[in-house]
Student: 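For reference, the structure I am asking about is given below.
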Amino acid sequence: MKYYAPKGLYDIKPEDMPYWHAVEREVRSTMPLYGYEEIRTPIMEKTEVFARGVGEETDVVSKEMYTFEDKGGRSMTLRPENTASVVRAYLEHKFYGKEELSKWYYLGPMFRYESPQKGRSRQFHQYGAEAIGSSDPSLDAEMISLSTDLLRSLGLEEVGLTLNSIGCPEDRNNYVNQLVEYLEPEKDRLCNDCRARLDTNPLRILDCKEESCQKVVENGPEITDYLCSECQDHFDTVKGYLNQLGLDYQLDPKLVRGLDYYTKTVFEVFSSDLGAQDALVGGGRYDGLVELFGGDPTPAVGFAGGIERLVLLLEELERVEMKKNGLDIYLATLDEETKQTGMELVQELRNGGIRAEIDYLDKSLQGQLGYADRYGAEITAILGPRELTEGEITLRDMETGDQTTVSLDEFRSEITNRLDSES
RNA sequence: AGGAGCGUAGCUCAAAGGCAGAGCACUGGGUUGUGGUCCCAGUUGUUGCGGGUUCGAUUCCCGUCGCUCCUCCCA
């Protein structure tokens, strides 16, 4: 084979579509229930939008960006996530002057340049929501409840929710200082990556999978002990709302997440039925991001979920009904003359909202009936020279095999009646 | 970036140095104009690509491309 899709990019084939449609349908119907409106931002931005917004030291920016130069010599990047773009759009269109609270959702492709594996590709798809303009803990709880509600609506009950608060920047500074102070003497027991992180991004050491690092971190300080009273209150209130909503969660003081912009609440939803890439949803509060982009200090919270991973689960659990093509009627013809009339009849049916097909492969009548059967036609209409000269057409019920003959004039109404009574 | 596994018919897979096969699918026939079950027959290949060893390579070796999974990190 000479041509294939670039590494990490792949085709979503017609046979996969029912799953994608199920997810998209659910997102589009659930988001408005919570008051979120759709926003669509471009799939690429100037590189600095992500570099600044997401954070230079993050993995996403430092090694996973799909970056290239356009013809004007500008550095462009295919969006690795959507929050930075949404905040950029929020400020660009001055929404802070138009509405007190902006609640938006999105759905679309994201790009990260890394080795593909199960549940991870270079182009992948996310749905997500952002609420900009309120620091109220109820909004944090709403985000979490929205993200799990969506999964539940799709039939996924077996998901875990982990929760943490990483406080405000001051808390985090205090904590990071303590953490570095604690880790410095233990440096030798850390992996190479983590020794580097000690200088660049010490928080990331917390979720290093290396066993030795885990051991070191285990007895170290925990961020939740360094929250200021406001952040502590906020966190407690969020937990209170979650309890009120009956949402089970697991506190994980080591959950820090990979993007720099998070403050206070962070959460992840995961499934143990996935492979190594088990995170379904990730999100949190980002009270400093709008300001970082040059706006007034504006609190915000959001989440994003991966559609590929969701589709993987739905396929495994067979939660989505797979319908074959959905053909109402197949029109079999036997020669050129009947095909000409047949084309006209099929067109007429389609104009009337009936899914109809005719032979495109010059098949025998036997072959045509087989095709009609495989594609799930309820009725096959047979138009041969015999019928044509009589001004009639034969209707075969594909389930019972019963056949009747009707005049061509009655054809449309007879078909409509039959399809109505069967459905 | 690193590690492991895999590339044979449209699909799922056999052949472990000696004629490249089976099932499914497809086409035709049994049925002069009738599907699903059944029976009979037929079509289908640069064995990913390039080189090497050999009388002989799908098989062994080297390289290369691709895919998959994993480490890291995340959706």
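Computed from a predicted structure; not experimentally measured. A note on names: the letters A, B, ... follow the listed sequences, proteins ahead of strands, and every chain is numbered from 1.
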Student: To the nearest Å, how far apart are A:Y66 OH and B:rC74 P?
Tutor: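 Taking atom P of B:rC74 as the reference, OH of A:Y66 is at 21 Å.
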
Student: Between B:rG48 and B:rC6, how far apart are the two C1' atoms, rounded to whole Å?
Tutor: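 That atom pair is separated by 12 Å.
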
Student: Between B:rG33, B:rU27, B:rC70, which nucleotide gets closest to the side-chain atoms of A:I382?
Tutor: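 Comparing B:rG33, B:rU27, B:rC70 against the side chain of A:I382, the answer is B:rG33.
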
Student: Say you pick atom P in B:rU47 and the same atom in B:rG21; how far apart are they, in whole Å?
Tutor: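 Result for the P pair: 13 Å, nearest Å.
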
Student: State the pairing partner of B:rG5; accept Watson-Crick or G-U wobble contacts with both distances under 3.5 Å, and report none otherwise.
Tutor: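 Across all strands, the one nucleotide that pairs with B:rG5 is B:rC67.
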
Student: Between the side-chain atoms of A:Q117 and the base atoms of B:rA4, is any donor-acceptor pair under 3.5 Å?
Tutor: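 No such pair is found, so the answer is no.
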
Student: When you compare B:rG33 with B:rC19, how far apart are their P atoms, in angstrom units rounded to a whole number?
Tutor: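 Taking atom P in both B:rG33 and B:rC19, they lie 46 Å apart.
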
Student: Applying a 4.0 Å non-hydrogen cut-off, can you work out what A:Q403 is touching in the nucleic acid: base, sugar-phosphate, or nothing?
Tutor: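 Base, at least one base atom sits under 4.0 Å.
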
Student: Has the side chain of A:R386 got a donor or acceptor that lies under 3.5 Å from a partner of the other kind on the base of B:rG33?
Tutor: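 Checked by distance alone, the answer is yes.
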
Student: Any donor-acceptor pair, under 3.5 Å, between the side chain of A:E387 and the base of B:rG33, if you only look at N and O atoms?
Tutor: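 Under the 3.5 Å cut-off, the side chain and the base do form a donor-acceptor pair.
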
Student: Distance check needed: B:rG35 P versus A:E357 CD, whole Å only.
Tutor: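 From A:E357 CD to B:rG35 P: 20 Å.
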
Student: Quickly work out the A:D362 CG to B:rG28 P distance and round it to whole Å.
Tutor: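 Atom CG in A:D362 sits about 10 Å away from atom P in B:rG28.
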
Student: Is the base of B:rC74 touched by the side chain of A:E114 through a donor-acceptor pair closer than 3.5 angstrom?
Tutor: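 When only heavy-atom distances are counted, A:E114 does not reach the base of B:rC74 through any donor-acceptor pair under 3.5 Å.
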
Student: Using purine N1 to pyrimidine N3 plus N6-O4 or O6-N4 for Watson-Crick, or N1-O2 and O6-N3 for G-U wobble, each under 3.5 Å, what pairs with B:rC38?
Tutor: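 Its partner is B:rG30 (Watson-Crick or G-U wobble, both distances under 3.5 Å).
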
Student: Please assess A:Y371 against A:Y330 for the test ring pair (Phe, Tyr, Trp, His ring centres under 6.0 Å), listing each intermediate value before the final yes or no.
Tutor: CA-CA 9 Å; A:Y371 186 95; A:Y330 184 93; 5.6 Å; yes

Student: Looking at the angle O4'-C1'-N9-C4 for a purine or O4'-C1'-N1-C2 for a pyrimidine, is B:rA15 syn or anti, with syn meaning within 90° of 0?
Tutor: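 Judged by the O4'-C1' to base torsion, B:rA15 sits in anti, the angle falling more than 90° away from 0.
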
Student: Which residue, A:I307, A:V311, A:L107, forms the side chain to side chain contact (heavy atoms under 4.5 Å, CB included) with A:H125?
Tutor: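 One option only clears the test, and that one is A:I307.
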
Student: From CG of A:N82 over to C1' of B:rA75, roughly how many Å is that when rounded to an integer?
Tutor: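 Rounded to the whole Å, the gap is 12 Å.
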
Student: If B:rU44 has a Watson-Crick or G-U wobble mate with both distances under 3.5 Å, name it; if not, just say none.
Tutor: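 Per the H-bond distance test, none.
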
Student: Can you measure A:E390 atom CD to B:rG33 atom P for me and round it to whole angstrom units?
Tutor: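 Going from CD in A:E390 over to P in B:rG33 covers 17 Å.
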
Student: Return yes if the base of B:rG36 and the side-chain atoms of A:D373 contain a donor-acceptor N/O pair under 3.5 Å, otherwise no.
Tutor: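 It does not, because no donor-acceptor pair links the side chain of A:D373 to the base of B:rG36 below 3.5 Å.
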
Student: Is any side-chain nitrogen or oxygen of A:T380 closer than 4.0 Å to OP1 or OP2 of B:rG35?
Tutor: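 Answer no for this pair, as no side-chain N or O of A:T380 is under 4.0 Å from OP1 or OP2.
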
Student: Can a side chain N or O of A:R120 be found less than 4.0 Å away from OP1 or OP2 on B:rU71?
Tutor: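 No, no such contact exists.
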
Student: What interatomic distance, in whole Å, is found between C1' of B:rA22 and the corresponding atom of B:rA15?
Tutor: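 To the nearest whole Å, 10 Å.
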
Student: When you measure only distances, ignoring hydrogens and angles, does the side chain of A:R309 come within 3.5 Å of the base of B:rC74 through a donor and an acceptor?
Tutor: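 When only heavy-atom distances are counted, A:R309 does reach the base of B:rC74 through a donor-acceptor pair under 3.5 Å.
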
Student: When you match A:K63 and A:L280 each to their closest nucleotide on RNA chain B, which lands nearer the 5' end?
Tutor: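 Nearest nucleotide further toward 5': that of A:K63.
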
Student: How long is the span from the NZ atom in A:K339 to the CG atom in A:L345, to the nearest 0.5 Å?
Tutor: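 Those atoms lie 13.5 Å apart.
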
Student: Using the P atom as the reference point in each nucleotide, state the distance between B:rG45 and B:rG52 in Å, no decimals.
Tutor: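 Result for the P pair: 27 Å, nearest Å.
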
Student: In this structure, how many angstroms lie between the C1' atom of B:rG30 and the CD atom of A:Q366, rounded?
Tutor: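 Interatomic distance, CD of A:Q366 to C1' of B:rG30: 9 Å.
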
Student: A:D328 and salt bridge (charged side-chain N to carboxylate O under 4.0 Å, His left out): which single residue from A:R355, A:R418, A:R350 fits?
Tutor: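 For A:D328, the salt bridge (charged side-chain N to carboxylate O under 4.0 Å, His left out) test succeeds with only one of A:R355, A:R418, A:R350, which is A:R355.
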
Student: What is the pairing partner of B:rU12, taking Watson-Crick or G-U wobble pairs with both distances under 3.5 Å in any strand?
Tutor: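 Pair assignment: B:rU12 / B:rA22.
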
Student: Taking the six-membered ring of A:F235, is NZ or CZ of A:K239 closer than 6.0 Å to its centre and within 45° of its axis?
Tutor: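 Yes - A:K239 lies over the ring of A:F235, closer than 6.0 Å to its centre and within 45° of its axis.
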
Student: Going by purine N1 to pyrimidine N3 plus the second Watson-Crick contact, or the G-U wobble pair, all under 3.5 Å, which nucleotide sits opposite B:rG50?
Tutor: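 By the stated definition (distances under 3.5 Å), B:rC62 pairs with B:rG50.
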
Student: Tell me if the aromatic rings of A:Y226 and A:Y175 count as close, with their centers under 6.0 Å from one another.
Tutor: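 A:Y226 vs A:Y175: aromatic centres under 6.0 Å.
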
Student: Find the distance A:I379:CD1 to B:rG35:C1' and express it as a whole number of Å.
Tutor: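 The answer, rounded to whole Å, is 15 Å.
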
Student: Check if the side chain of A:R396 and the base of B:rG35 share a donor-acceptor pair of N or O atoms closer than 3.5 Å.
Tutor: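 Yes.
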
Student: Can you check the A:F124 CZ to B:rC74 C1' distance for me, whole Å?
Tutor: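 Computing the A:F124:CZ to B:rC74:C1' distance gives 8 Å.
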
Student: Taking B:rU58 as the reference, what is the distance to B:rA20 when you measure between their P atoms (whole Å, please)?
Tutor: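 To the nearest whole Å, 9 Å.
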
Student: Could you work out the separation of B:rA41 and B:rG5 based on their C1' atoms and round it to a whole Å?
Tutor: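 Comparing C1' positions in B:rA41 and B:rG5 gives a spacing of 41 Å.
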
